[in-house]
Colleague: 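Take this structure, written in structure tokens, and hold onto it; I'll ask about it next.
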Amino acid sequence: MSPAKPDARAALQAGIRRIWENARGVVSARLDVLDQLAQARAENSLTPEQHQTAEREAHKLAGALGTFGFAAGSLAARELEQHLTASQSADATRWSELLRAIRSDLERGPTEPPDGGHISVRANRPVLLVHQPDASFAEALAFDTEPLGLEVLISRNVHELRLALARDPAAAVIDPWLDAPDTLGLLRDFTARKPDAAVIALTDRDQLRDRVAAARSGVRAFLSRPQAARDVAAQLYELMPGIAAQPPSVLVIANDASVRTAVADAMGEAGFRLTVVDDALKLWDAIAEARPDLLVLDADTRDISGVELCGVIRSDLRWRGVPVLVLTASADAEVMRDVFAAGADDVLEKSAIRDALSRRIRQRLHRSELTRSQADTDFLTGVATRRRSEEAIGYLMSLAVRSKQPVSVALLDIDRFQRINHEYGHAAGDLCLRRFAGMLRQTFRGVDVIARWNGEEFVVGLYGMAAMDAVNRLGDLLDRLATVPVATVAGTAIHVTFSGGVAQYPQDGQSLDQLIRAGDQALDRAKHEGRARVIPAGRTRTADQPDVMVIADDESVAQQILQPLETRGYRVQRPGDVKAALRSLTEHSLRPGLIILDADLRGHDGMAILRRLRQGNLLTDTRVIMLIQAAAEPKVLESLELDAFDHISKPIATSVLMQRVRRALA
Amino acid sequence: MANRTVLIIEDEDSVREVAQMSLELMSGWTVLTAASGGDGIAKALTSQPDLILLDVMMPEMDGPTTYRHLQDDARTSRIPVILLTAKSHASERAQLASLGVTGIITKPFDPVQLADQIRQILSWTDPVE
């Protein structure tokens, strides 16, 4: 919290009152305008322009009123704005009501302290409730959880908390001791009603009895402040798939029909996705299909017994972590020993299926969730494991289907990594992997999936980001790696680069496997074209035609263009001199998508070259961007008259360069 | 490190004044203001602030357009920008976030906490005056 001196606070409050005295006239005029427009609406004479004015005025009121301590007025103004945005034929009665609500709040006078950032209501989206004393944290968390598509509600006192809980949030980040003593009780009632909500406690306390009290109130994770918002977001993300995704998947393998029937009866309405298979030989297919959260095996089967199957599963890297429950005719000591020795987690006698099976499965699933977070984290780098990321990216893809957002999957491979191991030793190699993973985490958002795929290969899943945007973001990281060493070992700075391929869902593949394959092919091309670059899958220009030709004889200017373009996977050609450039364009019919032409060439006038290109009808297939000294506006105009597509002023900023290049090649 | 400069671009007089006073009193930073996108770009060029607080909805040139102009110019493209917006829906905010801004602060903001919010977004660690 702010350690500001109390007198600064008092001065601020006094100053806000003073500003309000001056501003209330403006606000009142705004309300008058909105009154007149509501009147016009009631008489059906509201023009589209007037409708837009009303929207704008309501928006301005919503933003300003809250700052001066008129929380209710601000909410009413926001509702009015949303009402106007949603429909061109706004309800005039509702409109007038909201205006009256604003006026009466103004008459009551401001409340202190002003209400900050209370975020309002919209139905049909899962709600994330944030009940924290620190508004900036709540904001940061809202920012970091954006791709989850949650509606964020921020509450600051018990009253607001009660209202917010009434909306059945799917997730909550709560300080149970903020505005005590009611909070814990409210929380307990809420989690009793909605046991699957992802409730995280974030608080200054961390005594054992506080943790116990929180756990009794249904809190699923307990965090002590301070915590970075992105880490809390990541934690939420861990807990969220269980809420938004399907119920747990249970795979049953039993060749005795009566066992299958008993299991199906017992679990029919228990809220599982149940897959029943009659033949142990179908195990792997069934597992790939059902991706079970738990397996039920029959110990007494022909050919391969459940106990043997259990051993097989425990020796498989991908599925060794799945809990296994074994059904037996009789659970005598010898059977129990065999079953547990094979790695099963639980045993149930067949006679108890009806009464106990679904409860035992629930207990087991709950316990495996607790241990899973460890198996989900790569021990060396702290990012997700491959197994976990497959699940998480799958979840992003299912979200994307509903929200019609793109998902990009990037495969990254650190260039010449073995050389680091050779030259500096494996400990240094490990350090580089850790640091590189850390840089990936800084580059992407808390809810993006970052995973170590294997060795020095990483995978990043990006929600709501098209492949070209991901390429750009990764290009920024490559730019950074060019100047910042990834690690320093015994006084030696180690620099690394990486190559990457990016595939976009659903364009480049319908399944994660297909996306990985497409990304892998692009990654191969990136390696082949010289490493230290990221290439989108599905780029189709043929090899002999470059994307961009650069005509610039100043070495530093040329490098400012070549490096970032190649990093981002563009094929760039730079002829030795102007003559060679013109020759390949005119005589050899080279047709790059774009020519970047420096206006200031030694011994040549860039404008004259542009004129020659135009006379040679070369500008029909190829666009030209001119590089022009800053503050040389006449040249900009001249180049545009000569049909240059765009210009970039020198010195060149990479962000500007990339934006213009993308536009020119679009 | 307390001697930072923040430029506020906001057309609404009262909001701009509150933000300015709040930052001056609670942080000790130097605060510059502009009432339109065009004026803001000019001030950003000449004063090279450490941060720009940019309102989203402004007449003539709105926040996103102003931001793009700032990004297009090498002299201002490195200055962090935090958007001030009354847009509170995640989808609208996601759209704004996708512009590539450094952060978003929702209006109405709490004047007592505005400086803290900015510090947190930018990881500025200067002590409070």
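Numbers restart at 1 for each chain; the letters A, B, ... are given by sequence-line order, proteins then strands. Being a predicted model, the structure only gives us computed values, none of them experimental.
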Colleague: Do A:Arg660 and B:Asp72 touch side chain to side chain, with heavy atoms closer than 4.5 Å?
Modeller: yes
Colleague: Kindly write out the residues that satisfy side-chain contact (heavy atoms from CB on, under 4.5 Å) with B:Ile82, not counting sequence neighbours, or none if the list is empty.
Modeller: B:Leu51, B:Leu53, B:Ile105, B:Ile118, B:Ile121, B:Leu122
Colleague: Given side chains that start at C-beta, do those of A:Val656 and B:Asp73 come closer than 4.5 Å, heavy atoms only?
Modeller: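 A side-chain contact is absent here, since even the closest heavy-atom pair is not under 4.5 Å.
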Colleague: Can you name the closest pair of heavy atoms from B:Ala74 and A:Pro651 and give their distance?
Modeller: CB-O, 3.7 Å
Colleague: If I measure from the heavy atoms of chain B, does A:Ser649 come under 4.5 Å with its side chain, its backbone, both, or neither?
Modeller: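 Neither the backbone nor the side chain of A:Ser649 comes within 4.5 Å of chain B.
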Colleague: So which residues of residues 59-69 of chain B are in contact with chain A at a heavy-atom cut-off of under 4.5 Å?
Modeller: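 The stretch does not come within 4.5 Å of chain A.
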Colleague: Heavy atoms under 4.5 Å from chain A: which residues of residues 11-24 of chain B carry them?
Modeller: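 Expected list: B:Asp11, B:Glu12, B:Ser14, B:Val15, B:Glu17, B:Val18, B:Met21, B:Ser22.
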Colleague: Rounded to the nearest 0.5 Å, how far does OG1 of A:Thr67 lie from CG of B:Asp110?
Modeller: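 Reported value, rounded in 0.5 Å steps: 8.5 Å.
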Colleague: Could I get the full list of side chain to side chain donor-acceptor pair (under 3.5 Å) partners for B:Arg78, not counting sequence neighbours?
Modeller: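 Scan of B:Arg78 (side chain to side chain donor-acceptor pair (under 3.5 Å), adjacent residues dropped) gives none.
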Colleague: Measure A:Arg24 against the heavy atoms of chain B and call it side chain, backbone, both or neither at under 4.5 Å.
Modeller: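 Contact with chain B: none, neither part.
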Colleague: Any side-chain heavy-atom pair from B:Pro108 and A:Leu65 closer than 4.5 angstrom?
Modeller: no
Colleague: Taking every non-hydrogen pair under 4.5 Å, which of A:Ala228, A:Gly15, A:Ala229 racks up the most with chain B?
Modeller: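 Of the options given, most contacts go to A:Gly15.
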Colleague: For A:Lys60 and B:Met57, indicate whether the former's side chain and the latter's backbone hold a donor-acceptor pair under 3.5 Å.
Modeller: yes
